[in-house]
Amino acid sequence: MIEKVLIANRGEIALRVLRACRELGIATVAVHSTADETAMHVRLADESVCIGPPPVSESYLNIPAILAACEITGADAVHPGYGFLSENARFAEILEEHKITFIGPSAEHIRMMGDKIVAKQTAAQLGIPVVPGSDGAVETLEEARKVAAGMGYPVLIKASAGGGGRGMKLAMNAAELDNAYLTARSESAAAFGNDEVYIEKYLARPRHIEVQVFGDGQGKAVHLGERDCSLQRRNQKVWEEAPSPALNAEERTRIGEIVARAVAKLGYRGAGTVEFLYENGEFYFIEMNTRLQVEHPVTEQITGLDLVREQLRVASGASLGYAQDDISFLGHAIEVRINAEDPRTFAPSPGKVTTVHTPGGLGVRVDSAIYGGYVIPPYYDSLIGKLIVFGKSRTECLMRLRRALDEYVISGVKTTIPLFQRLLAEPVIQDGLYDIHWLEEWLEKTAREEAD
Ligand code: ADP
């Protein structure tokens, strides 16, 4: 049994993990940089250890410092949250070597899914539908030309080591291919220290639909339905909902079962997300994230499961304890990401939060680590909170979201709250008809109209 968890993260997710531990009677250790001394996760944890200066490479990514913090406090497990070290296979291995439980999948599965080419090949072998594309890495320009011509334009050149929406180049036609291929390789070498790329058919107007899965590492796995994360800006999700307004019950069951079967066969342990693009009724695998996602609360709202508690249980060696038939889906949930950013230019807006008033009431959940008087440091991600609303139907959810946003007060810094208030007035949002390009096009259009 896990007795003390070190939370190797910060912000709202550190608090999220802490809450699950507290409910289970598990002691918590917060780690923090010198910039986060007054952070909420530090205040609420049973113990805390400073692991370095503000830059993430010297603190939240500093493996020796985190390991030392485990030794000092006697933590027997580490929860990595999302981002930072959550998909670092070497970190998982090092913990294992020190007899500390990594709350996540095996290092082998992290490594497998972290390499996009291997991930795609594995997915295809497991019966998951994938985007048509090159058979593995494309090593020369000649080969790239041949592959692209064979499958037809437009095509996307993707970095095998890519992530976070980076390392992708679009070629609309043969004239654009050489440049796209060469730039993708050099950019990916510079960004990831690896210039391996592959080619994929570019889907024009897909939705982003991902399936949440959970395995016990002992051959059992279930799916917890899908999330629709099509509202994106620069490949970053800004709004997520479950269930997807685009799927019917048959499609939901079909893709969920395919994914759960694949994950069970893999012997995968813990929470995972299989991401798809969805167009014209077809699903195309793009990647698997081997960790908890930012948007996991929408799944929790419609299934009633605490995903962090499940992660802790499975990491302790427990088996799943329930079958697919025991999981039921109820109602609708939407999450919006509240960032400390200008709602029009998206320029970061760090600084002192003077007042916070969080919305509440039936069906409203706020996952956030800010408080009145808190100073948002300039060094980290601008996500300062997530507003999650739950309702019997999507319509009720939208009404509730509108009212919760109107109640939400964060003063002192700019936030993306006004963006969501504007979005709610859009018929496309009300009807759930958006695809992955809609938000960026809408932002451009409305900016132009305002400039005129
Ligand atoms: P990352 O790991 O960087 O997030 P993904 O492969 O998940 O990369 O892709 C990120 C986003 O890029 C997707 O959500 C989608 O918006 C877009 N994208 C990826 N592959 C394709 C494709 N084949 N066609 C069209 N858009 C794509």
Side-chain angles (χ1 to χ4, degrees), residues 82-84 86-88 110-124 128-135 137-138 144 147-148 150-173 176-177 180-181 184 187-188 190-192 194 196-212 226-241 244 246 259 272-280 282-295 337 381 434-443:
Y82 50 68
F84 293 143
S86 61
E87 288 175 297
N88 185 317
I110 299 175
R111 198 164 275 132
M112 176 188 275
M113 294 302 169
D115 179 317
K116 298 187 137 197
I117 292 179
V118 176
K120 198 173 167 185
Q121 285 167 343
T122 307
I128 296 176
V130 300
V131 190
S134 60
D135 193 13
V138 176
V147 170
M151 102 191 138
Y153 286 91
V155 300
L156 208 53
I157 324 288
K158 296 173 88 169
S160 184
R166 293 178 310 148
M168 273 183 268
K169 285 277 170 278
L170 174 64
M172 287 308 290
N173 47 50
E176 288 180 11
L177 182 80
Y181 175 79
E187 282 187 11
S188 120
F192 315 110
N194 174 349
E196 195 174 60
V197 297
Y198 62 108
I199 300 185
E200 214 163 75
K201 176 100 194 124
Y202 177 73
L203 302 169
R205 302 215 67 106
R207 295 181 76 114
H208 173 115
I209 295 181
E210 57 185 36
V211 178
Q212 175 73 54
E226 83 285 4
R227 293 183 287 259
D228 195 315
C229 314
S230 304
L231 280 174
Q232 302 182 355
R233 178 180 167 271
R234 303 209 170 149
N235 290 325
Q236 299 286 334
K237 300 161 186 168
V238 304
W239 161 310
E240 301 99 347
E241 54 185 298
S244 165
V259 172
T273 297
V274 179
E275 299 193 333
F276 293 94
L277 294 176
Y278 170 83
E279 196 173 63
N280 301 326
E282 298 291 334
F283 291 93
Y284 303 95
F285 171 90
I286 45 173
E287 68 170 340
M288 176 169 185
N289 293 322
T290 52
R291 54 168 167 84
L292 195 67
Q293 306 259 115
V294 176
E295 59 273 22
R337 299 193 189 192
D381 192 274
Y434 51 82
D435 58 39
I436 62 168
H437 301 297
W438 184 84
L439 179 60
E440 293 218 15
E441 289 168 359
W442 178 83
L443 285 167

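Whatever order the structure lists ligands and atoms in, that order sets their numbers, starting from 1.
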Region of K201 engaging ligand 1 - heavy atom pairs below 4.0 Å:
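K201 to ligand 1: backbone contact only, side chain stays beyond 4.0 Å.
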
Those atoms of ligand 1 less than 4.0 Å from some heavy atom in [X]:
X	answer
E275	7 (O)
M168	8 (O), 9 (O), 10 (C), 12 (O), 19 (C)
Y202	24 (N), 25 (C), 26 (N)
I436	15 (C), 16 (O)

Whether the S160 and D115 side chains hold a donor-acceptor pair (N or O, under 3.5 Å, no angle test) is what I'd like checked.
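Their side chains do contain a donor-acceptor pair, which is all the 3.5 Å distance test asks for.
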
Assess whether a salt bridge exists between K201 and E279, defined as any Lys/Arg side-chain N lying under 4.0 Å from an Asp/Glu carboxylate O.
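Here K201 does not pair with E279 in a salt bridge, since their nearest N and O are not under 4.0 Å apart.
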
Does any non-hydrogen side-chain atom of [Y] lie less than 4.5 Å from one of [X]?
X	Y	value
E282	P129	no
T290	M112	no
P206	F276	no

Look at atom 7 (O) of ligand 1 and find which of K120, K116, E287 reaches it with the closest heavy atom.
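That would be E287.
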
For atom 18 (N) of ligand 1, state which one of N289, L277, N235, L203 supplies the nearest heavy atom.
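Among N289, L277, N235, L203, the closest heavy atom to atom 18 (N) of ligand 1 belongs to L277.
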
If you round to the nearest 0.5 Å, how far is CD of E210 from CD of E240?
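CD of E210 is found 7.5 Å from CD of E240.
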
So is there a nitrogen or oxygen of V131 less than 3.5 Å from a nitrogen or oxygen in ligand 1?
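V131 vs ligand 1: no N/O contact under 3.5 Å.
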
